[in-house]
Amino acid sequence: MEFLLALASIMMVNIVLSGDNAVVIAMASRCLPPKQQKMAILWGSAGAIGLRVILTLVAVVLLQIPYVQFIGGLLLIWIAAKLLMEDKCEENIEAGGSFMSAIKTIIVADLVMSLDNTLAIAAVAKGDYMLLALGLALSIPLIIFGSQIIIKIMDKYPVVVYAGAALIAWTAGEMMIGDHKIGPVIHGVLPEWLIPAAITIGVLVVGAWWKKSHKEQVAGSGAKASHSAQQ
C-alpha cells in the first residue's frame with residue numbers, strides 16, 4: 001500500500017509539474033501530419049521521460065553548478081521564440097526533418113524545464129529508483145493525452161499558440177532568476193516578476209514582428225510571381 005501511494009504521488013506530482021511541458025510538446029508537433037504528429041508526441045515524450053529519470057539522479061548536483069539554471073532559461077527563451085515563429089506551418093516543409101526537429105525540441109525543452117521540477121519528484125521517491133522510473137513511465141500516457149488536447153485547441157483557436165509561447169517564456173524568466181548565483185543579485189535590484197514579464201513580452205513582440213514580416217515577404221513573392229505569369 002505504501003508503494004502504491006508513493007507511486008500515485010509521483011504520477012500526480014509529475015502531471016502537475018508537466019503542464020508547461022505538455023504545451024511544448026503540442027507546439028513542437030502541431031505542424032506535422034496527423035500520423036507523424038502522434039509518433040513525435042510518443043517518441044518525444046518517452047525520450048524526455050527516460051532522460052528525466054537520469055536527470056533526477058543528478059539534478060541536485062546540477063542545480064548547485066553556478067549559472068546552469070540561468071543558461072537553461074536562455075535556452076528556453078530561444079525555444080519559445082522558435083516555436084512561435086513556426087506558428088505558420090509551411091506546406092512544403094520536409095517531413096522527415098520536421099519530424100526529427102519536433103522530437104529534438106520536445107526532449108531538449110522538457111529536460112530544461114524539468115531541471116528544478118525533478119527535485120520534487122526525487123523527494124517523493126525517497127531514493128527508490130524503481131518507484132521513480134515506474135511513476136514517470138506511467139505518467140507518459142497522461143502527458144501525451146494532454147498534449148493532443150492542446151493541439152486541438154491550438155488548431156481551433158490559433159491565438160492559444162501565443163499563450164503557449166508566453167508560458168514557456170515566463171518559465172524561462174523564472175528559471176533565470178531562480179539561479180542561485182544570479183537570482184539573489186536580481187532580487188536585490190528588481191521586482192521578482194519584472195524579468196519573466198519582460199522576457200515574455202519580448203518573445204511575443206519578436207514573434208509577432210517576425211510573422212508580420214514573413215507574411216509581407218510571402219505576399220510580395222506571390223505578387224511578383226503573378227506579375228511574371230501575366231507577362
Using a 4.5 Å cut-off on heavy atoms from C-beta on, say whether the side chain of Thr105 contacts that of Met27. no
Return the CE to CG distance between Met176 and Leu75, rounded to the nearest 0.5 Å. 11.5 Å
Rounded to the nearest 0.5 Å, what separation is found between the CD atom of Gln36 and the CD1 atom of Ile103? 9.0 Å
Applied to residues 166-188, the side-chain hydrogen bond (donor to acceptor under 3.5 Å, both in side chains) test, sequence neighbours excluded, yields Trp170-Glu174
ILVMFWY clustering at 4.5 Å (side-chain atoms), partners of Ile201: Val205
Partners passing side-chain contact (heavy atoms from CB on, under 4.5 Å) against Ile106 (at least two apart in sequence or in another chain): Ile25, Ala28
Measure the shortest side-chain to side-chain distance between Met85 and Lys211 over non-hydrogen atoms and say whether it is less than 4.5 angstrom. no
Answer yes or no: is there a side-chain heavy-atom contact under 4.5 Å between Ser29 and Leu32? yes
The criterion is side-chain contact (heavy atoms from CB on, under 4.5 Å); which residues satisfy it with Leu194, sequence neighbours excluded? Leu190, Pro191
Considering only heavy atoms from C-beta outward, does the side chain of Val203 approach that of Ile168 to under 4.5 Å? no
Is there a path from Val68 to Val185 through hydrophobic residues (I, L, V, M, F, W, Y) whose side chains come within less than 4.5 Å of each other? no
Listed by chain and number, what are the side-chain contact (heavy atoms from CB on, under 4.5 Å) partners of Ala166, not counting sequence neighbours? Thr200, Leu204
CG of Leu74 to CE of Met175: how many Å apart, nearest 0.5 Å? 9.5 Å
Flag yes if Ile186 and Trp193 sit in one hydrophobic cluster, no otherwise; membership is Ile, Leu, Val, Met, Phe, Trp, Tyr, and two members link when side-chain heavy atoms are under 4.5 Å apart. yes
Name all residues meeting the side-chain contact (heavy atoms from CB on, under 4.5 Å) criterion together with Ala172; count only those two or more places apart in sequence or in a different chain, and write none if there are none. Leu76, Ile77
So, taking the atom named CD in Gln69 and the one named CD1 in Ile177, what distance separates them when rounded to the nearest 0.5 Å? 9.5 Å
Here the gap from Gln148 atom CD to Lys152 atom NZ, rounded to the nearest 0.5 Å, amounts to 6.5 Å
